[in-house]
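For reference, the structure is listed below as structure tokens.
Residue indices begin at 1 and follow the sequence shown. Just the heavy atoms: all of them, side chains too, but no hydrogens, waters or symmetry mates, feed the values below. No experiment lies behind these values; they were computed from the predicted model shown.
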Amino acid sequence: MTGTNEPIERHSTPARSGPKHRDRALRGEGPRLALAVVFLIGFALALVSLHINDYRVLSPFDEAAHLDYLSRVLDGEIVRRGETMSQSALRVAACRGSELEDLRLPPCHRGNYDPEDFPDRGFNYLHEHPPTFYFVTALPVRLLTALGMEDVVEAGRWTAGLWLALGLVAFWIAGRRLNIPPGPVLIAVVLLGTTPNIVHASSSVNDDATALLAGSGIVLAILWWERRGRGLLLLALLSGAVVSLKPTHALAVAAGVLFLLGRGITARRKAAVPEGSPPDSDPILAPNDYLKAVLALAGGAVVLMAIWLPIHEAIAVSDVDPQAERFRTDSIGLADVVAQVGALLTPVLGPPLGPFANAVGIGQAMGLLHLLVVAATFGAAFQATAIDRPRSVGLAGAVTLLVGGVGLTLINFYLRGHLFVPVLPSRYAFSVLPFLFLGVAAALSRRSVRWFALAFACVSLIVTLNALLSAG
């Protein structure tokens with residue numbers, strides 16, 4: 001039985017909630033999916049439009065550097081280590097300014113700018129990022145500019161909104177493929193889509209806008225592979241593509257690996273159950289198949305970086321990187337590593353930016369959302385007699401965030417030239433949010449809990465809309 005792609009079965013009668021039953025349950029999803037897609041795209045673009053209309057300055061999410069990278073790609077180039085930002089990017093940074101009051105920028109003028117007058121001496125520190133995000137983003141940006149949107153900043157921000165819309169659609173499909181009812185998935189979508197820093201990231205030019213699509217895509221690919229028992233190459237290719245969008249999306253790959261390992265452990269336990277046991281409600285592949293999937297998923301990300309990093313070194317202009325020098329250190333201690341345990345467990349709690357900075361109720365809503373996510377993912381896992389697929393997705397995301405900071409710290413120090421970032425930005429973990437919120441949706445099985453979560457989703461939507469409309 002092991003080593004094959006055949007599901008483990010212990011009963012001659014197919015389980016009612018097995019794959020065939022799920023196929024029947026999802027057979028009528030066509031019209032509902034079409035309606036969901038239209039709603040989610042409109043929902044995402046409505047939030048983004050309100051943010052874009054009000055937000056004139058550049059985002060602290062490295063928007064100036066991302067704009068420079070995007071502008072270079074539009075001109076047929078990419079950012080290389082040792083290059084300063086282009087004059088057009090420096091002019092945008094100076095004339096639009098930043099919402100960070102302590103960030104010193106030169107005054108806006110028509111002449112050339114001295115890169116030394118800008119943070120990090122004007123060097124673009126995104127040179128380690130593969131150009132995938134910028135090449136893909138350049139396509140709709142070119143279309144929007146051809147349609148009359150002359151400002152690349154605005155075109156790039158609207159494209160970020162498209163990334164958000166695609167991410168929410170992929171999240172919806174993943175939730176339904178996990179056989180979670182539409183109601184809980186919709187509640188989770190609203191909670192996820194109205195998270196202030198997700199809206200902000202999806203309304204500015206930066207690769208964090210791809211996070212929800214990256215995380216949801218990993219979940220969907222695993223479910224597709226598990227349902228068919230084949231497609232390891234797809235897992236590897238998607239993993240590489242996700243990491244090429246942003247290297248820290250490797251956290252979503254790590255969450256996928258943990259999910260697969262959990263499923264493999266479940267498969268091994270079910271394989272040991274004697275004949276004559278009750279019908280299996282969750283037919284599963286053989287344990288060895290999950291190990292192969294783990295290797296494929298992790299291997300795709302590793303191979304991608306193994307290809308990109310030598311290219312990155314070969315095309316470098318110089319070794320000058322002021323930002324990296326600020327974080328370079330000779331050694332790190334055990335206390336530095338231990339301090340990163342749980343450092344990324346609060347990706348929804350990052351300091352509110354833009355229209356949300358001083359908005360009424362935003363801080364309280366973000367705090368309550370964090371508590372809801374933690375309680376739903378860990379609580380459902382602890383209380384359940386057996387952890388099913390949806391709950392294991394959420395638990396894999398939570399465990400990834402617990403230890404992800406340690407992993408990034410060790411990679412920065414040992415693989416990136418002795419770099420140490422004492423406080424890792426919570427947005428590095430945005431790609432794991434789909435795992436967490438799928439766990440939230442799975443936890444809404446009880447009607448009373450579902451009504452509470454629905455009420456909170458409505459409050460979150462109202463608070464977010466109030467912040468965006470009041471700022472406008």
Side-chain angles (χ1 to χ4, degrees), residues 197 208 211-212 214-216 218-219 222 235 239 242-243 246-266 290-291 293-302 304-305 327 329 331-350 369-382 384 387 389-416 418-440 442-443:
N197 281 344
D208 290 309
L212 299 189
S216 300
I218 291 290
V219 175
I222 293 174
L235 289 181
S239 173
V242 162
V243 174
K246 181 171 184 173
T248 54
H249 287 353
L251 288 172
V253 176
V257 165
L258 288 179
F259 174 48
L260 285 168
L261 287 174
R263 295 291 287 167
I265 294 172
T266 301
Y290 288 96
L291 179 58
V294 165
L295 295 176
L297 195 65
V302 171
L304 182 280
M305 294 310 295
F327 294 110
T329 183
S331 64
I332 56 175
L334 179 61
D336 297 321
V337 177
V338 173
Q340 301 301 326
V341 176
L344 297 177
L345 193 57
T346 57
V348 300
L349 276 182
L369 179 60
H370 167 66
L371 293 176
L372 174 64
V373 170
V374 172
T377 51
F378 286 110
F382 291 154
I387 301 177
R389 281 204 308 175
R391 287 175 174 81
S392 62
V393 169
L395 192 58
V399 173
T400 299
L401 295 186
L402 271 177
V403 300
V406 174
L408 290 182
T409 297
L410 295 176
I411 289 173
N412 284 338
F413 186 77
Y414 290 106
L415 299 182
R416 296 186 61 208
H418 288 200
L419 299 183
F420 174 60
V421 182
V423 182
L424 293 169
S426 60
R427 57 192 173 89
Y428 285 180
F430 280 176
S431 62
V432 187
L433 284 177
F435 287 80
L436 293 180
F437 280 80
L438 286 170
V440 170

Candidate pair I222 and L297, rule side-chain contact (heavy atoms from CB on, under 4.5 Å), full reasoning: CA-CA 9 Å; I222 293 174; L297 195 65; 4.1 Å; yes
Working for side-chain contact (heavy atoms from CB on, under 4.5 Å), residues F430 and V348: CA-CA 8 Å; F430 280 176; V348 300; over 6 Å; no
Residue pair A339 / A343: nearest heavy atoms and the distance that separates them: O-CB, 4.4 Å
Gap between atom CG of L433 and atom CG of L438 - 0.5 Å precision: 10.5 Å
Worked check of side-chain contact (heavy atoms from CB on, under 4.5 Å) between L401 and L436: CA-CA 10 Å; L401 295 186; L436 293 180; 3.4 Å; yes
Residue from L291, L295, V294 passing side chain to side chain contact (heavy atoms under 4.5 Å, CB included) with L260: V294
Straight-line distance of T248 OG1 to D208 CG, nearest 0.5 Å: 6.5 Å
Heavy-atom pair with the smallest gap, counting every atom of A255 and T400: CA-OG1, 3.1 Å
Any side-chain heavy-atom pair of F437 and L369 under 4.5 Å: yes
Short side-chain to backbone donor-acceptor contact, S239 and G300, under 3.5 Å: no
Pairwise distance OG(S216) to CZ(F435) - rounded to 0.5 angstrom: 8.5 Å
Chi angles and distances behind the side-chain contact (heavy atoms from CB on, under 4.5 Å) call for V374, H370: CA-CA 6 Å; V374 172; H370 167 66; 3.5 Å; yes
Smallest separation among heavy atoms of V243 and M305, with atom names: CG1-SD, 3.7 Å
Separation of Y428 OH from L344 CG (nearest 0.5 Å): 10.0 Å
Taking every non-hydrogen atom, the tightest pair across A293 and L235: CB-CD1, 3.9 Å
Heavy-atom donor-acceptor pair, Q340 side chain to P422 backbone, under 3.5 Å: yes
Nearest non-hydrogen partners of R263 and S392, listed with the distance: CD-OG, 4.4 Å
Main-chain N/O of T409 paired to N412 side chain as donor or acceptor, under 3.5 Å: no
From CG (L408) to CG (L415), nearest 0.5 Å: 11.0 Å
For A252 against G215, the heavy-atom pair lying closest together: CB-CA, 4.1 Å
Value rounded to 0.5 Å, distance of CG in L410 from CZ in F413: 9.5 Å
Any residue meeting side-chain hydrogen bond (donor to acceptor under 3.5 Å, both in side chains) with N197, in chain and number order, not counting sequence neighbours: none
